[in-house]
Engineer: 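Before I ask anything, here is the structure I am working with.
All chains are named by letter (A, B, ...) in the order of the sequence lines, taking the proteins before the strands, and each is independently numbered beginning at 1.
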2 protein chains.
Amino acid sequence: MDIQQKLNQQGLRLTQPRQVIMEVLESTGMPLLPQTIQQRAHESGSKISLVTVYRTLELLIELKLVRRIHGQDGCHGYILSSPGHHHHIICQKCGRALEFNGADGIVKLLDQIERDTKFKIESHLLQLQGVCPDCQKEKDHEK
Amino acid sequence: MDIQQKLNQQGLRLTQPRQVIMEVLESTGMPLLPQTIQQRAHESGSKISLVTVYRTLELLIELKLVRRIHGQDGCHGYILSSPGHHHHIICQKCGRALEFNGADGIVKLLDQIERDTKFKIESHLLQLQGVCPDCQKEKDHEK
DNA sequence: TCCTTATTGAAAATCTTTTTCAATAAGGAT
DNA sequence: ATCCTTATTGAAAAAGATTTTCAATAAGGA
Ligand SMILES: [Mn+2]
Ligand SMILES: [Mn+2]
Ligand SMILES: [Zn+2]
Ligand SMILES: [Zn+2]
């Protein structure tokens, strides 16, 4: 089921701005600020209100098509996300993000923590920062 | 080395507002909004500017005495943090937070992810939500 | 007690996100 | 292809969060 149907199914509409915002996110494998999304849309010929960007991101998050990324500073980026449980690792050089699931390790880790803390864990936020393979090569060149 | 020395060492001063904010954070084992910190300070007899709260939190984070907690919605809480590497698990019933380190499991997990993704991991953000032991008991009573 | 200057608070600026509401445009029905 | 209903948009304003400015204040070493 594509996004068109997913929306209509709930009485929602696949509008021009929604398509454009999806395209912007699809064409960029990295977390973008709402403001940046608006700019990119504008550069590709579509003037979209920033208000609409916020509203659309909220919707796309509900539809599990987009996730919020927490920046070091405090600002929030938004990135396209494939379905299913996974997390993001973001390159601190080029900004690109990669999904991973590391299901095994995470389940074990959470089990261990539940035993240690006696908490019942309901949800987790895991986000990694690092250097992607490409940027590692470049760093080598500099030396 | 206590906070007094830690500050003086860098030419910084242990002021009234800084002490009060530390006390507020110490007396509450849960993430607080800057605004809430100001209120608590006021309730305990110290009028502190919200500006000072922000500035002090920034400082305390640099000194590694405080950490930022990412709320589900987007607002940020601040919580006292003991030295060393660890993470927080927050009770979604009562708000209380507990530190854990789960060092073993995390190291293994990160190693696995480095192998899988070929990224060089530099830092990670891990934050758990759940129900604390106390609140689990209360839930049982309701049944 | 005095001096230097780091720090504070009030106000304003800046930035982010949400709300309002009239105009617009999806998309199902005719 | 045209009409209708109403979900959606955009402009403006409101609300909320965080930062900057700058004169007055207070740490803390001399
Ligand atoms: Mn997970
Ligand atoms: Mn955040
Ligand atoms: Zn990279
Ligand atoms: Zn609890």
Engineer: Which ranges of DNA chain D pair up as stems, where a stem means three or more consecutive Watson-Crick or G-U pairs with both distances under 3.5 Å?
Structural biologist: C:1-30 with D:1-30
Engineer: Atom pairs, N/O to N/O, protein against nucleotides 1-3 of chain D, distance under 3.5 Å?
Structural biologist:
none

Engineer: Tell me which pairs pass ring pair (Phe, Tyr, Trp, His ring centres under 6.0 Å) where either residue lies in residues 4-36 of chain B, with sequence neighbours left out.
Structural biologist: none
Engineer: Can you name the closest pair of heavy atoms from I79(B) and P31(B) and give their distance?
Structural biologist: CD1-N, 4.0 Å
Engineer: Got a sec, which residues hit side-chain contact (heavy atoms from CB on, under 4.5 Å) with V51(A), two or more places apart in sequence or on another chain?
Structural biologist: S49(A), R55(A)
Engineer: With a cut-off of less than 4.0 Å, is there a side-chain N or O of S49(B) near OP1 or OP2 of dT8(C)?
Structural biologist: no
Engineer: Distance-only criterion, 3.5 Å: show the donor-acceptor pairs between side-chain atoms of residues 94-110 of chain B and protein atoms not counting sequence neighbours.
Structural biologist:
residue: E99(B); atom: OE1; partner: S82(B); partner atom: OG; Å: 2.3
residue: E99(B); atom: OE2; partner: S82(B); partner atom: N; Å: 2.9
residue: E99(B); atom: OE2; partner: S82(B); partner atom: OG; Å: 3.1
residue: E99(B); atom: OE2; partner: H86(B); partner atom: NE2; Å: 3.0

Engineer: Return yes when atom NZ of K6(A) has more than 12 non-hydrogen atoms of other residues, nucleotides or ligands closer than 6.0 Å, and no otherwise.
Structural biologist: yes
Engineer: Quick one: does T56(B)'s side chain get under 4.5 Å of I37(B)'s, heavy atoms only?
Structural biologist: no
Engineer: Is the side chain of Q127(A) donor-acceptor paired with the backbone N or O of I69(A) at a distance under 3.5 Å, no angle test?
Structural biologist: no
Engineer: Considering only heavy atoms, which members of residues 6-29 of chain B lie under 4.0 Å from some atom of DNA chain C?
Structural biologist: G11(B), L12(B), R13(B), T15(B), P17(B), R18(B)
Engineer: With a 3.5 Å distance limit and no angle check, can you tell me whether E122(A) reaches the backbone of V131(B) through a side-chain donor-acceptor pair?
Structural biologist: no
Engineer: Measure the distance from CD on Q72(B) to P on dT17(C) and round it to the nearest whole Å.
Structural biologist: 17 Å
Engineer: Indicate for each nucleotide in nucleotides 13-25 of chain D, in 5' to 3' sequence, whether protein heavy atoms under 4.0 Å reach the base (B), only the sugar-phosphate (S), or nothing (-).
Structural biologist: ----SBBBB----
Engineer: Just jot down the side-chain contact (heavy atoms from CB on, under 4.5 Å) partners of Q72(B), sequence neighbours excluded, or say none.
Structural biologist: S123(A), Q129(B)
Engineer: Distance check needed: dT16(C) C1' versus Q38(A) CD, whole Å only.
Structural biologist: 13 Å
Engineer: Return the set of residues passing side-chain contact (heavy atoms from CB on, under 4.5 Å) with T36(A) (not counting sequence neighbours), or none when no residue passes.
Structural biologist: L32(A), L33(A), R40(A)
Engineer: May I have the list of side-chain donor-acceptor pairs in residues 11-26 of chain A shorter than 3.5 Å, sequence neighbours left out?
Structural biologist:
residue: T15(A); atom: OG1; partner: R18(A); partner atom: N; Å: 3.4
residue: R18(A); atom: NH1; partner: R13(A); partner atom: O; Å: 2.6

Engineer: Expressed as a whole number of angstroms, how long is the span from L59(B):CG to dA6(C):P?
Structural biologist: 14 Å
Engineer: According to the ring pair (Phe, Tyr, Trp, His ring centres under 6.0 Å) rule, which pairs have a member within residues 24-43 of chain B, sequence neighbours left out?
Structural biologist: none
Engineer: Could you tell me which residues satisfy ring-ring contact (aromatic ring centres under 6.0 Å, His included) with H70(B), sequence neighbours excluded, listed by chain and number?
Structural biologist: H70(A), H76(B)
